[in-house]
Each structure stands twice: as structure tokens, then as C-alpha cells.
Undergrad: 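Below you'll find the structure I mean.
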Amino acid sequence: METKRFVLLDIDYITEGDKAVVRLFGKIKGDEEGKSIIVLDKNFKPYIYVVPRDIETCADDVSELEVESVEWVRKNDNGQDKDFLKVILNHPQDVPKLRDIIRDLESVEDIREHDIPFYRRYLVDKGIFPMSEVEVDGKCLTGNDVKFSCEEDVCIFQMEGEPRPLESEFPELKILSFDIEVRNPKGMPQAEVDEIIMISLSSNQGLEKVISTAKSSLDFVETVKTEARMLERFVEIVKSENPDLLIGYNSDNFDMPYIRDRAAKLGVKLKLGTDGSQLKFMRRGFANAGLVKGRIHVDLYLLMRRYLTLDRYTLERVYRELFGEEKRDIPGDEIFEYWDDGGKKLEMLFNYSLDDAVAVTKIGEKMLPLSLELTRIVGQPFFDIARMTTGQMVEWYLIRKAYEYGDMVPNKPSSSQYSQRRHKKRIAGGYVKDPVKGLHENIVSFDFRSLYPSIIISKNVSPDTFVEECDEDTCHIAPEVGHKFLKEPVGFVPSIIGNILKERVRIKTQMKASENPREKQILDVQQQALKRLANSMYGVYGYSRFRWYRIECADAVTAWGRDFIKKTMKKAEDYGFKAIYADTDGFYATYIEDDD
DNA sequence: GGGGGCCGGGG
DNA sequence: GTGTACGGCCCCC
């Protein structure tokens, strides 16, 4: 038996025979530092919970079906302990196959936790976190024992027992950015006819390169004979650089699909994965996501839309916002002219293209740490986190916490519940005072951005403490709307926000005490991530798609918020401030100086 | 006023 | 993949 320690980069599962095998993709720590590893776990089974009408009949009925086994469990469901059946299935794909049959059984009232992807279930149940270190016992496999074709220098490891999470430093990650240019003389590029003319690459460890079919005296340009060869070189460089993160700008929507289409046309295999697999795509609603196994493809465009508030999100605009300097730009419809020119203008095009890749690396270095910390806190793969809304992150964080607390996760709304929620009269939002016109001096701002989390904690606003009938002794009663929340016990969401805020205070203290600048910086990002999470937590009550949706909770929080902001403004006026403008989580006031 | 359709980024 | 998901704006009735 051997032990391996690695940074968990990604996770998925494959099927061997009729069994699911979980694969943990990582980068080894300690001996063999930096080498890629794929850890196989054959011993995790999918399951769902069943709410029985009559538990014994129900257990019999379910056992008749093609299931692995049935267990009786007791779990807390929205504040009450109840009996459930845990139905363990043979394969993850049996879940969608069998859940409707199970739900329709006469002895079954409902099914729960039936739509949690297998790899996410694994991360939650095993208590391990992507971008953190994990330790496993087991043995190395040779190529013949492995069912997928893999590069020979990747360690394939058969796990035995349980993975162990380790307290770990923030890992040093290798970033490789890429950007393609296309010769499109007419309209937007069409992969059917418009060739890729260059691929630019930039890493956070100094690589700066442009691969192209054109010759150049510029030393960062590598010339290849054909476009097919260019794509092959791209794959070779990705493999030899072996980055943890592959990043682009709008690459989910443009670069990745374009590379795929051209490669298909030219007969080039894009074996970019550490397991030797080809570039894949995942449907994600309105956008597909480019997937490279064992590395994490991140599209910065999506992240910038989330983190920055701008009128536009072009690479140039984002770069200017973050670094305060202009980046040169060639309009897309002129690129072919620069290419065809072959001289000075082509040289400009090479520089521009490399600049784009370098800018992506710089933006990534600045903006990725926050998402990486959120990954370590929420505990879902970085690939997913980078494509989630904050609301979804909150939900997955709560799912993990529900498991830790022994709580049953609420179901997602059915489509009819969803449209009911959407059509309910919108709740009153934050307090808004229209601005007083004019130019004001001596402005002070009062910021209550953390107001909602504090209200949720102090008023114990949670779906499991919400009650219809109650008096002021045992309940907090919201102003205006009158919703009631038990003072005791502490609700699920208030308890979690309380822990987040406590943890944040601990990290801030540690940060202030730290002498190490790198550590200080990491701790600072950690506390920012916790703040973000705490401040987004309120959203789960008011967003119609969420499992913990409870409009009365959202309604009560904003009611207490308005109450609080108005009282504070009143207080401020007593001290000589005059409110000019207020909106939800803060207000601006001028200080009226005494004339005497 | 609310439902449907389109767009964002990329070249 | 234990899927199929955004939010803002414009137009139109």
C-alpha cells in the first residue's frame, strides 16, 4: 500500500463494466511534485432518499426494483426529524431511470436529493474540496490495467479506503492563456471556410509564443507549414507546459468551438486532457463550456461579467478597468487586411495577438484568486464554480452544509412551482430615497452592505424557523409584513451565516498578525470570499429557482432592512447629517456645519 | 405591464 | 449526465 498527496483539480466518473468509477484529477505534492495524477475510486454508490407514506410497505416496494439496497435513515427536514429510506442504486444513470418509477409508487410520497450529480455528491459526502490537498492510500496501476488511454507520464492510482482532506496552503497554479486569430474577410468568422492564422499562448511562468503559418523575424513567433500543424503544435505545447488552468476570453463561445471545428475539418485530434481525452463540450443552457479533462478551462469573460460592473465587457474595456492602461486593438473586420499585408501590419497583428493572450494571463492572475477561494469554500469543481452564479454557489454551499448537519436538502421547484413563484407579486425591495438634486459637499456614506446577513442572524430568518402563528415572546415579528420567526432554535441558514462571519473574523485577525506578504494576500482573498458568500446568502430566499426559496424570508429581511436604514437616517439627522440619497444597503448624507 | 425575442463576448 | 440554467433591454400588443 502506498500513500499519495495531491491538489484536487477536478473530478468526474467513468463507467467500467456496469460500475461507476470516480476519477480525481490532481497534481502531486511531495515526492514527484508537479506530476499529474488520476485517482480511481470504485467504491462509491449513487443514492436518493424516499419520503415514505408507510415505511415498511415502501421498503418492500422499492426492494422489488433493480436497486442495490435500501436503508432506513432519520434526517432533519425543515426543522423536523423524520424517517426516510435511503435507496442505494447500482449506477448513477439508474437514478434518472428509476426515480420516476419510485416516485409513482403508491407507498411513496416524494423523492429527495435525486438530482445531485454523482461527482458533486462524492465531494460533499467525502468532505473533500477542489483546489485543496487530499491524501489517499492505494496502489499505482500500469497502463494495461487502465480502461482509458493515458499519457505514460501520468500516475494512475487505484484508491482504497477513504480520501482524507488535508489542511493545506493555497497551491501555486500554472496558468496558460490562449487566443486565436482567424482570417475572416466577410462578416463573422465561419469555421467552414475561415482558417485560423495564429494561436497565441502566454503562461504565468514566462512563456510568450505565437504559432502561425506566416513567417516573421519576431522571436516569439514560431512558424509552421500548415494550419493542421498549428493545431498539433498547440496540443503539444499544452501537454509539455502541463498547465492546471487553461484560460481564454469568451473561449467557451468562440475559441474552443472554433478550434474544435477546424480540427475536425483538418482531421487533427485535440488530445488535450491529462487522461489523453479530446476536447469536449458541455451544454450549459445558452452557452456551451469547453471541457479539457484534468485541466481546468476557464473563460474569463464569464467571470468578469460577474465581478465587474461595466457598460461593456470587451477584453480592452476590462483591461483598462483593472490596470488603468489602454491595450491596443485591431478591429475584428480588419484583421484579414493586416494578415494579407504581410509586412509591417502583419508584425502589428502578431504583437496584438500576443498582447491579448498576455492580457488574459494578467487579468487571470488578478481575478482568479477570489474564484479559487470560493471553490475551496463551496467545495465544487473550479470548472463549475467559474460558470456558476453566486446564487448557485450559495446553494451548493448549503447542500454541503445540509449534509454536515444531517439535514435533508429541499427539492428544486417543479416547473409549475417555478412559474407560480415567478408570478407571485414581487416583494418590496430595499429602501430607496430619491436623490436631492445638486452638487453636494462634505459627503459621508453609510454602508450597510452586510446588513442582510446581520438581519438573518439577529432575527433568525430561516425556512425552518418560519411559523404562521406565534407571539412576540417566542418569535421575531417583521415590521410592515408581519412574518414570524422562532427565536429558538437557531435556524439552518442563520447558523451557517453565523459560522461564516465568525470564520471571517478569525481570518482577518490572522491576516493582521501575519508578517508574510503572500500569506497576508491569500488570507485577504479568503475573507473577501467569505464576505461575498455571506452577502449573497439572502438571495436564496428570493430567487425562484432555488431550493431554499421562501418568499416570506426575503420579504421579512428587506422589511427589517428598510426599518433599520430609516431609523439610522433619523439618528444621523439628529447628529446634524442630512440624507441626500439612499438605496437598499447604504445612504449618502452631507454634514451641515454649524454657522456660529 | 407583461410576454416574447434577442443579445452579450469573440474575429 | 443524479443535466438543459441568465438578465437586461427592446418591441409589440
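What you see is a predicted model; the values in this text were computed from it and never measured. Naming convention: chains lettered A, B, ... in sequence-line order (proteins, then strands); numbering from 1 in each chain.
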Undergrad: From dG11(B), dC6(C), dG9(B), pick the nucleotide closest to the side chain of Ile335(A)?
TA: dG11(B)

Undergrad: Measure CZ/Arg545(A) against C1'/dG7(C) and give the value in whole Å, please.
TA: 12 Å

Undergrad: Verify whether one side chain among Tyr301(A) and Asn253(A) offers a donor that lies under 3.5 Å from an acceptor in the other.
TA: no

Undergrad: For DNA chain B, which residues in residues 380-404 of chain A have a heavy atom at a distance below 4.0 Å?
TA: none

Undergrad: Not counting sequence neighbours, which residues clear ring-ring contact (aromatic ring centres under 6.0 Å, His included) with Tyr352(A)? List them please.
TA: none

Undergrad: Got a sec, which pairs hit salt bridge (Lys or Arg N to Asp or Glu O under 4.0 Å) with one end in residues 84-99 of chain A, sequence neighbours left out?
TA: Asp94(A)-Lys97(A)

Undergrad: Enumerate the residues from residues 96-121 of chain A whose closest heavy atom to DNA chain C is under 4.0 Å, giving them by residue number; use none for an empty result.
TA: Pro96(A), Arg99(A), Glu113(A), His114(A), Asp115(A), Ile116(A), Pro117(A), Phe118(A), Arg121(A)

Undergrad: To the nearest angstrom, how far is Met304(A) atom CE from dG9(B) atom P?
TA: 13 Å

Undergrad: Please give, in whole Å, the distance from dT2(C) P to Asn90(A) CG?
TA: 15 Å

Undergrad: Check DNA chain B for consecutive Watson-Crick or G-U pairs with both distances under 3.5 Å and list the runs of at least three as stems.
TA: B:1-8 with C:6-13

Undergrad: To the nearest Å, how far apart are Glu316(A) CD and dG11(B) P?
TA: 8 Å

Undergrad: For Asp194(A), which contact category applies under a 4.0 Å heavy-atom criterion: base, sugar-phosphate, or nothing?
TA: nothing

Undergrad: For Tyr13(A), answer base if it contacts any base atom (sugar-phosphate contacts may also be present), sugar-phosphate if it contacts only those atoms, and nothing otherwise; contact means non-hydrogen atoms under 4.0 Å.
TA: sugar-phosphate

Undergrad: Over how many whole Å does the gap from Asp333(A) atom CG to dG10(B) atom P extend?
TA: 13 Å

Undergrad: Can you figure out which of dT4(C), dC6(C), dG9(B) approaches the side chain of Asn253(A) most closely?
TA: dG9(B)

Undergrad: Once salt bridge (Lys or Arg N to Asp or Glu O under 4.0 Å) is applied, what residue pairs with a partner in residues 12-22 of chain A remain, sequence neighbours excluded?
TA: Asp12(A)-Arg23(A), Asp12(A)-Lys293(A), Glu16(A)-Lys42(A)

Undergrad: Residues in side chain to side chain contact (heavy atoms under 4.5 Å, CB included) with Val235(A), at least two apart?
TA: Lys239(A), Leu270(A), Leu272(A)

Undergrad: Identify whether any heavy atom of Lys45(A) sits under 4.0 Å from a base atom; if not, whether one sits that close to sugar-phosphate; answer base, sugar-phosphate or nothing.
TA: nothing

Undergrad: Base, sugar-phosphate or nothing for Ile330(A)? Non-hydrogen atoms, less than 4.0 Å.
TA: nothing

Undergrad: So, does Lys412(A) get its side chain near the phosphate of dT2(C), meaning an N or O under 4.0 Å from OP1 or OP2?
TA: no

Undergrad: Take atom CG of Asp255(A) and atom P of dG11(B), then tell me their distance rounded to the nearest Å.
TA: 7 Å

Undergrad: Nearest to the side chain of Pro92(A), heavy atoms from C-beta on, is which of dT4(C), dT2(C), dG11(B)?
TA: dT2(C)

Undergrad: Just jot down the salt bridge (Lys or Arg N to Asp or Glu O under 4.0 Å) partners of Lys345(A), sequence neighbours excluded, or say none.
TA: none

Undergrad: Taking everything shown except Glu106(A) itself, do over 12 heavy atoms lie less than 6.0 Å from its CD?
TA: no

Undergrad: Using the salt bridge (Lys or Arg N to Asp or Glu O under 4.0 Å) criterion, which residues pair with Arg120(A)? Sequence neighbours excluded.
TA: Asp384(A)

Undergrad: What's the closest nucleotide to the side chain of Arg283(A) if the choices are dG3(C), dG8(B), dG11(B)?
TA: dG3(C)

Undergrad: Could you tell me how far dC6(C) sits from dG11(B) if I compare only their P atoms? Round to whole Å.
TA: 26 Å

Undergrad: Only counting residues at least two apart or in another chain, list the ones meeting salt bridge (Lys or Arg N to Asp or Glu O under 4.0 Å) with Asp194(A).
TA: none

Undergrad: dG11(B), dG9(B), dT2(C): which one has an atom nearest the side-chain heavy atoms of Asn250(A)?
TA: dG9(B)

Undergrad: Working note: Phe350(A) + Phe220(A), criterion ring pair (Phe, Tyr, Trp, His ring centres under 6.0 Å); need CA distance, chi angles, decisive distance, verdict.
TA: CA-CA 9 Å; Phe350(A) 278 127; Phe220(A) 57 81; 7.0 Å; no

Undergrad: Name all residues meeting the side chain to side chain donor-acceptor pair (under 3.5 Å) criterion together with Tyr258(A); count only those two or more places apart in sequence or in a different chain, and write none if there are none.
TA: none

Undergrad: Using a 4.0 Å heavy-atom cut-off across all strands, classify Gly187(A) as base, sugar-phosphate, or nothing.
TA: base

Undergrad: Please give, in whole Å, the distance from dG8(C) C1' to Tyr313(A) OH?
TA: 11 Å

Undergrad: Going by modelled atom types, is there a donor-acceptor pair between the base of dG8(B) and the side chain of Arg305(A) at under 3.5 Å?
TA: yes

Undergrad: Name all residues meeting the salt bridge (Lys or Arg N to Asp or Glu O under 4.0 Å) criterion together with Glu337(A); count only those two or more places apart in sequence or in a different chain, and write none if there are none.
TA: none

Undergrad: Rounding to the closest angstrom, what is the interatomic distance between dA5(C) and dG4(B) at atom P?
TA: 15 Å

Undergrad: Rounding to an integer number of Å, can you tell me how far Asn411(A) CG sits from dG3(C) P?
TA: 12 Å

Undergrad: Does the side chain of Asp125(A) come under 3.5 Å of the side chain of Tyr47(A) through a donor N or O and an acceptor N or O?
TA: yes

Undergrad: Under 4.0 Å, heavy atoms only, any strand: does Leu89(A) hit a base, just the sugar-phosphate, or nothing?
TA: nothing

